[in-house]
> 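Handing you this structure, nothing more for now.
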Amino acid sequence: MLEEVERWLTARSWSAGDRPVQHLLSAKHATGQSVSVVLPALDEEATVGDIVAVIRRELVLGVPLVDEIVVVDSGSSDRTAEVAAAAGARVVHRDAILPRIPAVPGKGEVLWRSLLVTGGDIVCFVDADLREFSADFVSGIVGPLLTDPDVHLVKAMYDRPLGAAPGQGGRVTELMARPLLNMHWPQLAGFVQPLGGEYAARRSLLERLPFPVGYGVELGMLVDALHLVGLDALAQVDVGVRVHRHQDGRALGRMAAAIYRTAQLRLARGHLVRPALTQFERGTDGFEPHTYAVDTEERPPMTEITEYATRRVA
């Protein structure tokens, strides 16, 4: 590990308990910063309501740290939108945001569009499939942004069990993202959960970043933020344990392909000859190939979008 990264680990890695919520509230009032929490959601009716309810109860009604909770529904076929609204979130459908640009499937697409329907100076992203959710996931990663003006992006770090096996989650992180970061962007080797879906950043940073539309958004954001604001502006906070729904191996393969593509674009801004991934599944007549497109599209920095600039002037 680079000496620079070792120093960064000491200076920019914290625990959620290092900043009590009341201390954060005082910092929020002193600086006048507002906080938006965004949950990208697709068929998450089983979990999204509990997450919204905890944030609202503890960080809106209890201690007024969060100014708005927005669930961006990316086309759910279940009751995700109804459950989220009943729990107290403002629900916006992905396709209703910036309709002149047709939406494409993907998590990054939803996060990018969320900048147009939120107003916080600090934007906190939380995945909607978390179970046993704690408000520390929000207050922990928002904390450094409220108290330290030199910090621009904060990732959550946590243990990720796989079933009953502790620490065995995050398979794409260990098999794809961590090797890529260590080999090509060693300054980012200190991040425990580089692909984690829980992170917060200043709007002033997010609006200048391109957003890969799919699973590559977290890696792309981390790499681009490093180049834009430098390592010392990035940080991580330990929030404990993350329990969520795990995907099967084939879904992880597609995720890994998208992440590799995101890394490749940032290494050379080149083009894949065949941006697709073929996987195999046993059928009645043996193994059957299934080919999936790899996410290759990226959305431009939000500052280049006319509607966003118009909204800011207004």
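The shown structure was predicted, so the numbers you read here are calculated from the model rather than taken from an experiment.
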> Do you know which two heavy atoms are closest between Gln187 and Glu4, and how far apart they sit?
NE2-OE2, 2.9 Å

> Donor-acceptor pair, Arg90 side chain versus Val117 backbone, under 3.5 Å?
yes

> Are Leu222 and Leu226 packed together at the side-chain level, in the sense that at least one heavy-atom pair is separated by less than 4.5 angstrom?
no

> Look at atom OH of Tyr199 and say whether more than 12 heavy atoms of other residues, nucleotides or ligands are closer to it than 6.0 Å.
yes

> So, the side chain of Asp224 versus the backbone of Leu209: is there a donor-acceptor pair under 3.5 Å, distance only?
no

> If every non-hydrogen atom of Ala189 is compared with every non-hydrogen atom of Val5, which pair is closest and at what distance?
C-CG1, 4.5 Å

> For residues 138-146, which side-chain donor-acceptor pairs fall under 3.5 Å, sequence neighbours excluded?
| from | atom 1 | to | atom 2 | distance (Å) |
| --- | --- | --- | --- | --- |
| Ser139 | OG | Ala135 | O | 3.3 |

> Evaluate the side chain to side chain donor-acceptor pair (under 3.5 Å) criterion for residues Arg202 and Gln33: first the C-alpha distance (whole Å), next the side-chain angles of each, then the deciding distance (0.1 Å), finally the verdict.
CA-CA 10 Å; Arg202 300 193 187 281; Gln33 298 177 91; 2.8 Å; yes

> So, the side chain of Asp18 versus the backbone of Ser15: is there a donor-acceptor pair under 3.5 Å, distance only?
yes

> Between Phe191 and Trp185, is the ring centre distance below 6.0 Å?
no

> Let's go through Glu207 and Arg203 carefully: what are the C-alpha distance in whole Å and the side-chain angles of both, what is the deciding distance for salt bridge (charged side-chain N to carboxylate O under 4.0 Å, His left out) to 0.1 Å, and is it a yes or a no?
CA-CA 6 Å; Glu207 65 188 10; Arg203 177 176 295 272; 5.5 Å; no

> So do the side chains of Arg266 and Pro210 get within less than 4.5 Å of each other, counting heavy atoms only?
yes

> Less than 4.5 Å apart, any side-chain heavy atom of Leu206 and any of Phe211?
yes

> Determine whether Leu111 and Glu218 make a side-chain contact, defined as any pair of heavy atoms from C-beta on separated by less than 4.5 Å.
yes

> Check this for me: Glu6, atom CD, are more than 12 non-hydrogen atoms of other residues, nucleotides or ligands nearer than 6.0 Å?
yes

> Could you tell me whether the side chain of Asp73 and the main chain of Gly75 form a donor-acceptor pair under 3.5 Å?
yes

> How close do Val237 and Ala16 get, heavy atom to heavy atom, and via which atoms?
CG1-N, 3.4 Å

> Nearest heavy-atom pair of Gly32 and Asp121: which atoms, and what distance?
O-OD2, 3.8 Å

> About how many Å separate CD of Gln236 and CZ of Arg12, when rounded to the nearest 0.5 Å?
12.0 Å

> Side-chain donor-acceptor contacts of residues 57-65 below 3.5 Å, not counting sequence neighbours, with atom names and distances?
none

> Is Ile305 close to Ile101 at the side-chain level, that is, under 4.5 Å between some pair of heavy atoms?
yes

> With no hydrogens and no angle check, do the side chains of Thr80 and Asp43 hold a donor and an acceptor under 3.5 Å apart?
no

